Structures are given as structure tokens and as C-alpha cells.
Amino acid sequence: MILMTLQYIPDADNPNQIVRTLTDALAPGSYLAISDVARDLEADANVVESADRLNKRLGPARQTIRSPQQIAGFFSGMEMVEPGLVQLPQWRPDLGYTGPVGGISLSAYCGIGCKP
């Protein structure tokens, strides 16, 4: 599981290669769960404002906000488990509420991939 942490690995540190190194070590049939903050058209203002506040407190470390497509790229070579990469409340919509949280669209995505 890589939950809400890839945002703290800058692109210069090649997070795709880090994830690939981890998934290469997995046995076939293993699963990888990833969740992370993402830029989303419905919630960009919330994410950018939050990231700016956090980056001021982090000092030299920086939060890297990626697009949902970039997060999906971490699952390269894996078979996505339904419903694929979706906003957190959409992961299991049959279990309850799937709309905006407190009237704010949530720009955090999650998915699970299976190594073939």
C-alpha cells in the first residue's frame, strides 16, 4: 500500500521508478493500493490553496500535486481492479455516500492494481 505518500516525492526523484521497483518485487497475483491527492478540475482551487499552505510549513520539502492521469501511470503494467482509479468516495459507491464531502469535491484518488 502506498497511501497518500507519493505526493511527497518530487518528480525529480522519479516516483514512477520507485513504484516500479516495488512492483517488480511483487509476486504475480499481488495487489498494489495507491491513494494520493490529485489536481481535479472540480476542486483545483481547494487543492492549490491547501498545497500552498502545506508547502509553506514543509520548508525545503514540497508537496507535488499530480493529475489523475499521472497517478494512474503508477499502475503501469498492472490490471486495475474495478472501479479503477476514482475519487475516494467513489471506490465502493454501493456502501454509501458518493457526493462531495461537506460541499467540497474531494481531489484525492485511489485505485488497486493486480500484478499479472
Side-chain angles (χ1 to χ4, degrees):
M1 292 186 288
I2 307 174
L3 306 177
M4 304 303 282
T5 56
L6 291 169
Q7 62 189 305
Y8 301 109
I9 301 173
D11 290 335
D13 289 342
N14 202 350
N16 284 31
Q17 183 57 51
I18 293 169
V19 172
R20 175 62 48 220
T21 299
L22 294 171
T23 58
D24 285 349
L26 295 175
S30 295
Y31 290 87
L32 171 67
I34 293 177
S35 66
D36 222 349
V37 174
R39 290 195 181 276
D40 183 89
L41 294 176
E42 295 180 21
D44 262 350
N46 299 319
V47 171
V48 171
E49 181 182 323
S50 173
D52 287 345
R53 283 194 313 268
L54 181 61
N55 284 339
K56 287 177 185 172
R57 290 184 297 199
L58 288 175
R62 288 286 184 239
Q63 184 182 32
T64 301
I65 307 294
R66 296 180 176 88
S67 70
Q69 295 79 11
Q70 289 171 307
I71 293 172
F74 292 127
F75 292 102
S76 179
M78 302 192 88
E79 298 169 0
M80 294 299 293
V81 173
E82 288 296 325
L85 184 73
V86 295
Q87 287 186 341
L88 290 172
Q90 300 294 329
W91 176 246
R92 287 290 181 245
D94 54 314
L95 295 180
Y97 187 69
T98 61
V101 177
I104 298 172
S105 181
L106 183 63
S107 272
Y109 286 75
C110 62
I112 296 178
C114 179
K115 183 175 179 176

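All values reported here derive from a predicted model rather than from experimental measurement.
Nearest heavy atom pair, residue F75 against residue G113, reads CE2-N, 3.5 Å. Listed here is the closest heavy atom pair of M4 and Q7: O-NE2, 3.1 Å. Between A38 and I65, the closest heavy-atom pair is C-CG2, 3.7 Å. When all heavy atoms of R66 and P10 are compared, the pair lying nearest together is NH2-C, 3.8 Å. When all heavy atoms of N16 and G73 are compared, the closest pair comes out as ND2-O, 4.4 Å.
There is a path of hydrophobic side-chain contacts, each under 4.5 Å, that joins M80 to L32. Linking Ile, Leu, Val, Met, Phe, Trp and Tyr whenever their side-chain heavy atoms come within less than 4.5 Å puts Y109 and M78 in one cluster. Residues V86 and Y31 are members of one and the same hydrophobic cluster, defined by side-chain heavy-atom contacts under 4.5 angstrom among Ile, Leu, Val, Met, Phe, Trp and Tyr. In the hydrophobic clustering of this structure, I34 groups with I9; members are Ile, Leu, Val, Met, Phe, Trp, Tyr whose side-chain heavy atoms approach within less than 4.5 Å, directly or through other members. With hydrophobic clusters built from ILVMFWY side chains whose heavy atoms lie under 4.5 angstrom apart, L85 does not share a cluster with L88.
For the atom pair CZ (F74) and CD1 (I2), the distance works out to 8.0 Å, reported to the nearest 0.5 Å. A distance of 5.0 Å separates CG of L6 from CG of D36, quoted to the nearest 0.5 Å.
D11 places a side-chain heavy atom less than 4.5 Å from the side chain of T64.
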Using atom types as modelled, flag every donor-acceptor pair under 3.5 Å from a side chain in residues 19-28 to any protein atom, sequence neighbours excluded.
{"residue": "R20", "atom": "NH1", "partner": "T23", "partner atom": "OG1", "Å": "3.0"}
{"residue": "R20", "atom": "NH1", "partner": "S76", "partner atom": "O", "Å": "3.4"}
{"residue": "R20", "atom": "NH2", "partner": "S76", "partner atom": "O", "Å": "2.4"}
{"residue": "T21", "atom": "OG1", "partner": "Q17", "partner atom": "O", "Å": "2.9"}
{"residue": "T21", "atom": "OG1", "partner": "Q17", "partner atom": "NE2", "Å": "3.2"}
{"residue": "T23", "atom": "OG1", "partner": "V19", "partner atom": "O", "Å": "3.2"}
{"residue": "T23", "atom": "OG1", "partner": "R20", "partner atom": "O", "Å": "3.1"}

